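Reading through the structure tokens given below for one structure.
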Amino acid sequence: IEELNHKLVEISKRAADGKALVAGDLTMTGQQLKPMGPLDFEELIDVYKEQIRYLTEAGADLLVVETMMSLQESRAALIAAKETCPDIPVMVTMTFESDGRSLFGTDAATAAIVLSSLGADAVGANCSTGPDQMAEVIRRMAKVTDIPIIAKPNAGLPSLDEKGQTVYDMGPEEFGADMELLLDAGAQILGGCCGTTPEHIRLLAERLKNKPVKERHIEKKTVVSSYTHTVTFGARPILIGERINPTGKPRLKQALREGDLEYLCREGIAQTEHGADILDVNVGLPELDEPAVMERAIINLQSVTNTPLQIDTSNVEAMERALRIYNGKPLVNSVNGKEESLHTVLPLVKKYGAAVVALTLDEKGIPASAAERVAIAEKILKTAESYGIDRSDVIIDTLAMTVSTGADNAIITLEALDTIRHKLGVHTVLGVSNISFGLPRRELVTSTFFAMAMQRGLSSGIINPLSDELMKAYRSFCALMGIDVGCKEYMEAYANTTAAPDVRTGAAQQSAGGSAESVSLHRAIVKGLREQAGQLTDEMLKTTPPLEIINGELI
């Protein structure tokens, strides 16, 4: 590795003769990451670090990570580059299929969001297709990031000639002409991949020599993502599922102590199926190795759901391990106005390109007035900006305190929330159920407060999506505010019911380990629940011939 990379840079430098930059090239290793293959994420980072070290020692001017089909491998290469040589520019391009997604399911916009948030200096696409088919991929990337966009398509589509050699169907003239489509779509760095020759590149350069680069003005949006799915704050209140949190949940505590991560996965799936946009993940128990459990929880949840995750921990080591392994742009819960918290958490948020929940408390505790909570929010926003974190990546929590211990608690929280959302222009979040601790029939108070908070500007609520009362309040609010156009979602939920359905019955039993878990072997396989699939198979074998199970369920 050392000899090859040193020699390649030396040859390229000699050829460039001072007239061009030389890029060190990194790409897929050919091995799959766990759980799909044998490779650990940290091992992959070390593999890339070794090559980067030799490339930069030999004098490469920049690094290009390209022809990437996996967003997680792209992340590993980018992290390796930033940790090995933080000052060298890094460009990252992925390869997309004809449906606009990578082989592993990542769409172009999500790729651009995640990689630019993680510190790429330019992002884009290479290989994939011809210029005309790549234009939509480039257009979608150009809408979500303000860093330079790269486009390096193939010379059309491949085929085999009479000698069995691969040839491409687009000549230099056609290629050069079609590359204008990519310039118009927003690309600023253009070139060629498979099938292109020096003549293709010469005509491309001639054709675009005096063409102006398209100006892009990107509105900063608050987004989080998994590796296949992006959630954007603002269009409607976002639902963050609260059930993967051991506080007050004996069954979850038991699962965590026993290492039963499939139980967490079932909780995640149930919440997603009942409307959660993001899943809160908290595995903090005093007797557990929280960093190790959090890392395993993130990996397992991302293997069964594409719903973005909120990393909920006060343990800094657990936070970093989760951020490092998380395949997407995560949400971190949380930072607060204490100096120690600000200067410990915010550097991690910046390094890993996350969004962060900011709690309006400081060394003095939780302020008794709305104005003081707003002041703490402003302090957090200013400190975040000093670390290079845009205010769009900060979501403020004005802290719901139970009304049973203070008559003004709800009013203060809502006043602070209203000011932060409408005067500071920053998105907001609340742990909604906190408002009703100690009260009978808590959901009545919680659901009413949830509706009040949404009316005052709540951008996202941490709730139990399996709660019928809360989901009724949410769907009704969206219908009344015109968010649910034509009341479509409301009607889908309630049109065929004489009374609002109690979604807790089946789903809660399923999550709690009741008989509703045994839906079908087919569902267990589709959802990636390996232990449950094994148990169901054992049960079916008592009454069903093996070949019937294979043909009827597995295949």
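Values below: every heavy atom of this structure, side chains too, minus hydrogens, waters and symmetry copies. Source: prediction; values computed, not measured.
By the salt bridge (Lys or Arg N to Asp or Glu O under 4.0 Å) test, E262 pairs with no residue at all, sequence neighbours left out. Every residue two or more places apart in sequence or in another chain was checked for a side chain to side chain donor-acceptor pair (under 3.5 Å) with E553, and none qualifies. The salt bridge (Lys or Arg N to Asp or Glu O under 4.0 Å) search around E136 returns R139, R140, not counting sequence neighbours. Remark: K542 pairs with E539 by the salt bridge (Lys or Arg N to Asp or Glu O under 4.0 Å) rule, at least two apart or across chains. For K34, the salt bridge (Lys or Arg N to Asp or Glu O under 4.0 Å) partners at least two apart in sequence or on another chain are D40.
Evaluation of the side chain to side chain donor-acceptor pair (under 3.5 Å) test over residues 348-359, restricted to residues two or more places apart or in two chains, returns E83-K351, E320-Y352, R324-Y352.
Not a single donor-acceptor pair under 3.5 Å links the side chain of T544 to the backbone N or O of I549. Remark: the backbone N or O of E443 is paired with a side-chain donor or acceptor of S447 at under 3.5 angstrom. No donor-acceptor distance shorter than 3.5 angstrom exists from the side chain of T110 to the backbone of Y227, with no hydrogens or angles considered. In terms of modelled atom types and a separation under 3.5 Å, the side chain of T402 and the main chain of T405 share no donor-acceptor contact. Remark: side-chain polar atoms of S436 are paired, donor with acceptor, to backbone N or O of S433 under 3.5 angstrom. Under the 3.5 Å distance criterion, the side-chain polar atoms of T305 are left unmatched by any main-chain donor or acceptor of L301.
Under the 3.5 Å distance criterion, with hydrogens and angles disregarded, a donor-acceptor pair is assigned to the side chains of R75 and Q72. In this structure, a donor-acceptor pair under 3.5 Å is present between the side chains of T272 and T307.
Tested against D418, the residues K423, R373, R456 include a single salt bridge (charged side-chain N to carboxylate O under 4.0 Å, His left out) partner, R456.
Within 6.0 Å of NZ in K253 there are more than 12 heavy atoms belonging to other residues, nucleotides or ligands.
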